[in-house]
Amino acid sequence: MTMHVVPAVKQKIIESRVIATNRNSRKIYKKLMINYMSVLICIILLLETYFLISIYRETRKKNLEYIDMMCQSGIEYVDDIATKASSVQFSLYQNKMQLQDVIWFLSLDTDEYYNKKFDSFVQDKDNVFQGIRTFVADALTRSSYITDINLISYRFLTKYTYTPDGSMKSTTFHIRHNAMEKNVFVSDGNIVFEKEIRDPHTFASAGCMQVAFSSQGFTRLENRYGKAKIFVYHDDGSIVYESEPGRFENLQQFNSSGEIEKEYDVYIHRQQKKDLNVLAYVDKKETNDISIPVYIMLILVGAMLLICGTFLVNRRLEKLTSRMETIISGMKQAMSGDFGIRLRVGHEDELDIIAEYFNEMCKNLDSYIQKSYIAEIEQKNAEMSALQSQINPHFLYNTLEAIRMKAICNEDKEVGKMLYDLAVIFRSQIKDSNIINLAKEIYYCKKYLEIFEFRYQGNFRFELDCPEKYMLVPVIKFTIQPVIENYFVHGIRLEDDDNRLAVQVTEEDGDLLVFVKDNGKGMTKEQLEEIEEELKAKSTSQGSLGLLNVHRRMTAAYGAEYGVFLEQNMPHGLCVTLKLPMKEDHNV
């Protein structure tokens, strides 16, 4: 009777424990669900607040950047038209015939001017007379913003106005106050640059030239930089251009940008060029404005995050509860004596640690020892192979060093120096990594060149010019040396005694340029074109194998815009340019 009751009681106890465990697992699920959802809602609210503040700051930052960019663009336009005006004056002085015709036109009366012009045309052998109209027509085409060109005669007090449509009209000219001191002024909303015209022989002033540019060149900046606006005025108060007419008045009474910002409630950026003041601004109240669609987007994103987060948390907790029930079931089997049970491990959390420890108790210890022993033997064999691979190079290097010391003991310093240079080059091939700094590369080239300088005593000289600021720039090892070697193989003139080679390092547009120039045999134009085709096509050739190897390595490491470039070195020789990026790395 008792033998039948006890197993039944045990079975009921086990079942009651399982039921209690299942109930507890669901309680844990509910608690974790509430905690995760609370954390999720707090995180979403914090993210929404953070993004809102970030958008405010980014909008303000972008608007401030826009006024800076607009101001800079306005200054660039002023620079551009000032350069165009100077180029018009420069072109006039470059053409002696046009300059003489303009001076005659401004300083002579009509009959005398045409007589001079006719005599000049007759004396011209080519019968091609380029006079004032040719000059004006060419000047008007230099910029689409030129509205007219005025030539002013000081003798006759007359202003001759030429327009792009080819017409010309003359008006009486009244000399402005302080005209000689004011080279830039505003007239009818146009920016006018005034240039003096003098006779190059007598330096006498015949008149002046005024090049007028339309202020509508600033119009292209409108709506280009968000809410930023522009206001351009002359030092004398004349308004050149304004995005909002009547917004700014009497700016001269304010001493600083801060006073202007406070008075007009704006953020500004102001620069001056050629007596012109370019002021870019944006209203403070518009700086932090965020559009309604952005608010709607933030709300929708928050709702989507909450929905997705709830779904993922629920899914995660369901899996977690299921794994807990699986671990409890496996422990029950182990309690019954089944030690062959294995639990699945792969999520790398606390439950997996429990499952992993449970599985470890059932593993075969002998198999583990065997694997550890084999791994240790393989490690020892790898270390021995690595040690043996270093014997021969170090043996050769040490042998060279021993021969060098023997030469020095025999007072043969030149042989000792050559052996030292050769040992340095040999050691660089063994020990240095593929990426070294430029100082080491130049040092190895120096040792290589010293060997040939000793070999061709009196017939060869070299120069190395590398500023100290480029010494730490990382380069691929043996980038310059193959180019130098190519010179000794193909370019050196053994029958002459003035062979020279120079290595020069410089910087251009953020890139490092290494020039290797020689006065050797050089190449013909056809040979250079052939080599360039080989470099582009990446084909091999007996004559350019070294250069092609260097070019391949550089383009593979830095990109297609870098590599080897060849040109003739006048009066004779070759100039090889190595172009690589300027990236200083003090840890190289």
Side-chain angles (χ1 to χ4, degrees), residues 60-90 142-150 176-196 208-284 286-287:
R60 181 177 181 275
K61 179 182 177 182
K62 186 176 293 184
N63 282 318
L64 294 179
E65 289 177 351
Y66 279 161
I67 63 174
D68 186 17
M69 294 166 62
M70 175 170 278
C71 185
Q72 188 62 38
S73 297
I75 289 295
E76 290 175 357
Y77 174 69
V78 173
D79 269 336
D80 180 61
I81 61 177
T83 303
K84 291 292 193 306
S86 297
S87 68
V88 171
Q89 183 187 31
F90 181 76
R142 290 181 179 268
S143 174
S144 59
Y145 294 112
I146 296 179
T147 59
D148 55 69
I149 293 179
N150 300 319
R176 293 177 291 104
H177 181 63
N178 293 332
M180 299 300 294
E181 300 177 0
K182 193 174 180 183
N183 296 325
V184 181
F185 60 93
V186 179
S187 176
D188 298 329
N190 296 328
I191 304 172
V192 182
F193 294 87
E194 188 172 276
K195 305 292 183 181
E196 198 75 12
C208 67
M209 173 177 58
Q210 294 177 348
V211 184
F213 291 86
S214 172
S215 60
Q216 295 304 310
F218 296 102
T219 306
R220 59 187 176 89
L221 303 179
E222 294 287 349
N223 302 323
R224 183 176 177 182
Y225 298 106
K227 299 178 181 179
K229 300 176 181 63
I230 192 170
F231 179 73
V232 185
Y233 64 97
H234 195 272
D235 282 344
D236 61 6
S238 303
I239 296 176
V240 179
Y241 184 85
E242 51 185 343
S243 298
E244 297 177 321
R247 179 65 185 275
F248 297 96
E249 296 179 357
N250 301 321
L251 288 181
Q252 291 82 356
Q253 66 181 348
F254 300 104
N255 297 323
S256 65
S257 299
E259 294 179 358
I260 299 176
E261 291 181 348
K262 184 177 180 180
E263 175 69 19
Y264 295 98
D265 196 28
V266 294
Y267 291 109
I268 70 167
H269 191 89
R270 180 171 62 174
Q271 292 190 46
Q272 186 180 39
K273 192 77 174 181
K274 301 291 184 182
D275 297 332
L276 296 176
N277 297 271
V278 178
L279 187 148
Y281 66 95
V282 64
D283 290 330
K284 289 183 178 180
E286 296 180 354
T287 305

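D188 places no side-chain N or O within 3.5 Å of a backbone atom of N190 that could act as its donor or acceptor partner. K229 contributes a side-chain N or O that, together with a main-chain N or O of K227, makes up a donor-acceptor pair within less than 3.5 Å. The closest donor-acceptor contact from the side chain of E242 to the backbone of G246 lies under 3.5 Å.
Annotation for D265: atom CG counts as buried by contact number, over 12 foreign heavy atoms lying within 6.0 Å. Dense packing is recorded around NZ of K195, with more than 12 heavy atoms of other residues, nucleotides or ligands lying under 6.0 Å away. Atom NZ of K61 sits in a sparse spot, with 12 or fewer heavy atoms from other residues, nucleotides or ligands closer than 6.0 Å.
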Open item on the list: Quick one, D79 with K273, criterion side chain to side chain contact (heavy atoms under 4.5 Å, CB included). Give me CA distance, side-chain angles, the key distance, then yes/no.
Closed with: CA-CA 8 Å; D79 269 336; K273 192 77 174 181; 2.5 Å; yes

TODO: For V186 and I239, run side chain to side chain contact (heavy atoms under 4.5 Å, CB included): C-alpha distance rounded to whole Å, both residues' side-chain angles, the deciding distance at 0.1 Å, then the answer.
DONE: CA-CA 8 Å; V186 179; I239 296 176; over 6 Å; no

Task: Verdict with supporting geometry, F218 and I191, side chain to side chain contact (heavy atoms under 4.5 Å, CB included) - done: CA-CA 11 Å; F218 296 102; I191 304 172; 3.8 Å; yes

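Scanning both residues, R60 and Y267, for their nearest heavy atoms gives NH2-OH, 3.5 Å. When all heavy atoms of F185 and Q210 are compared, the pair lying nearest together is CZ-NE2, 3.6 Å. In terms of heavy-atom proximity, V266 sits nearest to I260 at CG2-O, 4.4 Å. Of all the heavy atoms in S215 and G189, the pair that sits closest is OG-O, 2.8 Å. Between G74 and I230, the closest heavy-atom pair is CA-CD1, 4.4 Å. Residues A228 and I67 share a closest heavy-atom pair of CB-CG2, 3.7 Å.
Atom CZ of R142 and atom CD1 of I81 lie 15.5 Å apart (nearest 0.5 Å). Distance check, rounded to the nearest 0.5 Å: NE2 of H234 to CG of L276 gives 5.5 Å. Between the CG atom of D68 and the CD atom of Q271 there is a distance of 7.0 Å, given to the nearest 0.5 Å. The OG atom of S143 lies 6.5 Å from the CG atom of D80; values are rounded to the nearest 0.5 Å. The line from CZ of F231 to CG of L279 is 7.5 Å long, rounded to the nearest 0.5 Å. How far CD of Q72 is from CD of E65: 13.5 Å, rounded to the nearest 0.5 Å.
In this pair, F213 and F193 present their aromatic rings perpendicular. The plane angle is above 60°, beyond the 30 to 60° band.
No hydrogens or angles considered: nothing links the side chains of E196 and Q89 as a donor-acceptor pair under 3.5 Å.
You'll find the ring centres of Y281 and Y264 outside the 6.0 Å limit. Between Y77 and Y145, the gap from one ring centroid to the other is short of 6.0 Å.
Applying the side-chain hydrogen bond (donor to acceptor under 3.5 Å, both in side chains) criterion to R247, with sequence neighbours excluded, gives E244, D283. Not counting sequence neighbours, the partners of S73 by the side-chain hydrogen bond (donor to acceptor under 3.5 Å, both in side chains) test are Y225.
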